[in-house]
**Q** 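This is the structure I want to talk about, given as structure tokens.
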Amino acid sequence: MCGGFTCSRNALIILNLLYVVVSFTLIGVAAYGIAASFITSLTIVGGIIACGVFLFLLSVMGLIGAARHSQVLLFFYMVILFFLFVAQFSIACACLAFNEDQQHKIASEGWRQASMGLRNETQLYFDCCGFENSTLPDGDPMQQADCSYIPFCREHPTVCEDSKNTCWRKLQTVINNAVKISGGIGLFFSFSEIFSIWLVYRYRQQKDPKMDPTLLFI
């Protein structure tokens, strides 16, 4: 019977295995966005990573609670999952609302505070020259590092300083993809957590048919 004890337990186990996969997906996508952007500190994406780690630990708790039908574990799982839903939903919405102007502000501030060595690494990684302007004078806080070693500049020295080859254009793509994908995945699966809460509540009320019916079920 699909609404029985065994069905509820199996559904909960499958759902938590899915959460394990989702948690690694959230962590991977968000971590790539932070790592690849180099100079930016995407706190909002860091929140997605935190939710992913927490979701993984919580899914392990859910698997153990479902397998053992532990009332204590399932209760705490249900309560913590609700708070995780609120946090993940809020962060996901913030990610999706993160517009281009906000992305530019964070990226430009990160470039301004970055050392020249870090700017070198960024230019080499993205094969770009300068943040938005590659011909700034010495002493300008947004000045680029030496572009002569950049592969694109060695191959096309006459168009190396072209505005289409600036690092902001490359960083914008990475940052935008990171926040949109992380936010989309987080938002989509946050709604499944409501279903999980209902399923756990229902599962806790059911009696294990293998138990002695004369024993009190707490």
Side-chain angles (χ1 to χ4, degrees), residues 22-56 84 87-190:
V22 172
S23 66
F24 280 112
T25 303
L26 287 173
I27 294 170
V29 172
Y32 166 76
I34 291 179
S37 59
F38 277 100
I39 61 170
T40 58
S41 177
L42 297 178
T43 305
I44 195 170
V45 180
I48 288 288
I49 293 179
C51 284
V53 173
F54 203 67
L55 181 61
F56 171 75
L84 180 63
Q88 187 171 316
F89 179 81
S90 301
I91 295 174
C93 289
C95 280
L96 294 175
F98 203 54
N99 60 40
E100 183 178 336
D101 290 338
Q102 293 170 317
Q103 294 171 20
H104 181 272
K105 182 178 180 180
I106 288 179
S108 59
E109 185 62 28
W111 183 275
R112 184 177 291 107
Q113 296 178 4
S115 65
M116 198 60 73
L118 187 55
R119 295 180 189 182
N120 267 325
E121 292 182 36
T122 304
Q123 292 182 158
L124 185 60
Y125 183 89
F126 288 104
D127 199 16
C128 58
C129 180
F131 184 72
E132 284 183 295
N133 190 330
S134 57
T135 58
L136 293 173
D138 292 342
D140 193 292
M142 298 298 285
Q143 182 192 15
Q144 79 283 355
D146 180 23
C147 294
S148 61
Y149 66 95
I150 303 299
F152 179 84
C153 291
R154 288 201 303 264
E155 295 174 10
H156 310 283
T158 57
V159 292
C160 173
E161 299 176 351
D162 190 271
S163 61
K164 295 181 179 180
N165 194 50
T166 58
C167 293
W168 162 237
R169 287 182 175 270
K170 307 290 181 69
L171 286 168
Q172 181 187 15
T173 301
V174 173
I175 295 172
N176 188 63
N177 288 341
V179 294
K180 298 306 180 186
I181 294 175
S182 298
I185 294 174
L187 184 63
F188 178 79
F189 283 101
S190 65

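All of these numbers come straight from a predicted model, not from anything done at the bench. By convention here, the first residue in the shown sequence is residue 1.
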**Q** Evaluate the side-chain proximity of Gln123 to Tyr149: yes if any heavy-atom separation is below 4.5 Å, no if none is.
**A**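 A side-chain contact exists here, since the closest heavy-atom pair is under 4.5 Å.
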**Q** Of all the heavy-atom pairs spanning Ile175 and Phe98, show the shortest one and how long it is.
**A**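 Answer, listing the atom of Ile175 first, then Phe98: CG2-CE2, 4.5 Å.
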**Q** Who are the side chain to side chain donor-acceptor pair (under 3.5 Å) partners of Asn176, not counting sequence neighbours?
**A**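 Counting only residues at least two positions away or on another chain, Asn176 forms a side chain to side chain donor-acceptor pair (under 3.5 Å) with Gln103.
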**Q** Quick one: pull up CD in Gln144 and CE in Met116 and give me the separation to the nearest 0.5 Å.
**A** 8.0 Å
**Q** What residues form a ring pair (Phe, Tyr, Trp, His ring centres under 6.0 Å) with Phe56, not counting sequence neighbours?
**A** Phe24
**Q** Taking the side chain as every heavy atom from C-beta outward, state whether Leu96 and Cys93 have any pair of such atoms under 4.5 Å apart.
**A**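 Contact flag for Leu96/Cys93 side chains = no.
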**Q** Side chains of Phe126 and Val174: does their closest heavy-atom pair fall under 4.5 Å?
**A**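 SC-SC contact between Phe126 and Val174 confirmed.
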**Q** Given the rule in the disulfide (SG to SG under 2.5 Å) test, do Cys153 and Cys129 qualify, once you have shown the distances and angles that lead to the verdict?
**A** CA-CA 8 Å; Cys153 291; Cys129 180; 4.6 Å; no
**Q** Just how far is it from atom NE2 of His156 to atom CD1 of Ile150, taken to the nearest 0.5 Å?
**A** 13.5 Å
**Q** Looking only at heavy atoms, which two atoms of Ala92 and Gly183 are closest? And how far apart?
**A**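 Residues Ala92 and Gly183, closest heavy atoms: CB-O, 3.4 Å.
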**Q** Which residues satisfy the ring pair (Phe, Tyr, Trp, His ring centres under 6.0 Å) test with Phe188, sequence neighbours excluded?
**A** none
**Q** To the nearest 0.5 Å, what is the distance between CG on Leu171 and NE2 on His104?
**A**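 The CG atom of Leu171 sits 10.5 Å away from the NE2 atom of His104.
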**Q** Sequence neighbours excluded, which residues qualify as disulfide bond (SG atoms under 2.5 Å apart) partners of Cys167?
**A**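 Scan of Cys167 (disulfide bond (SG atoms under 2.5 Å apart), adjacent residues dropped) gives Cys128.
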**Q** Ignoring hydrogens and angles, tell me if any N or O in the side chain of Arg119 forms a donor-acceptor pair with the backbone of Asp146 under 3.5 Å.
**A**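 Looks like no, no N/O pair under 3.5 Å.
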**Q** For the residue pair Leu124 and Pro151, establish whether any side-chain heavy-atom pair is separated by less than 4.5 Å.
**A** yes
**Q** So, taking the atom named SG in Cys51 and the one named CD1 in Ile185, what distance separates them when rounded to the nearest 0.5 Å?
**A** 13.0 Å
**Q** Using 0.5 Å steps for rounding, measure from the CZ atom of Phe54 to the CD atom of Gln88.
**A**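 Phe54 CZ to Gln88 CD: 11.5 Å, rounded to 0.5 Å.
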**Q** Does a side-chain heavy-atom distance below 4.5 Å link Phe131 with Ser108?
**A**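 Yes. Closest side-chain heavy atoms under 4.5 Å.
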**Q** Just to verify, what does Gln172 make a side chain to side chain donor-acceptor pair (under 3.5 Å) with, not counting sequence neighbours?
**A** Glu100
**Q** Do Phe189 and Thr25 come close enough that some side-chain heavy atom pair is under 4.5 Å?
**A** no
**Q** State, to 0.1 Å, how close Leu84 and Leu55 come at their nearest heavy-atom pair, and which atoms those are.
**A** CD2-CD1, 3.6 Å
**Q** Taking only residues two or more places apart in sequence or in another chain, which ones pass side chain to side chain donor-acceptor pair (under 3.5 Å) with Glu155?
**A**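 Testing Glu155 for side chain to side chain donor-acceptor pair (under 3.5 Å), a comparison that skips the adjacent residues, returns none.
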**Q** In Å and rounded to the nearest 0.5 Å, what is the OG1 to NZ distance from Thr122 to Lys170?
**A**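 These two atoms lie 12.0 Å from each other.
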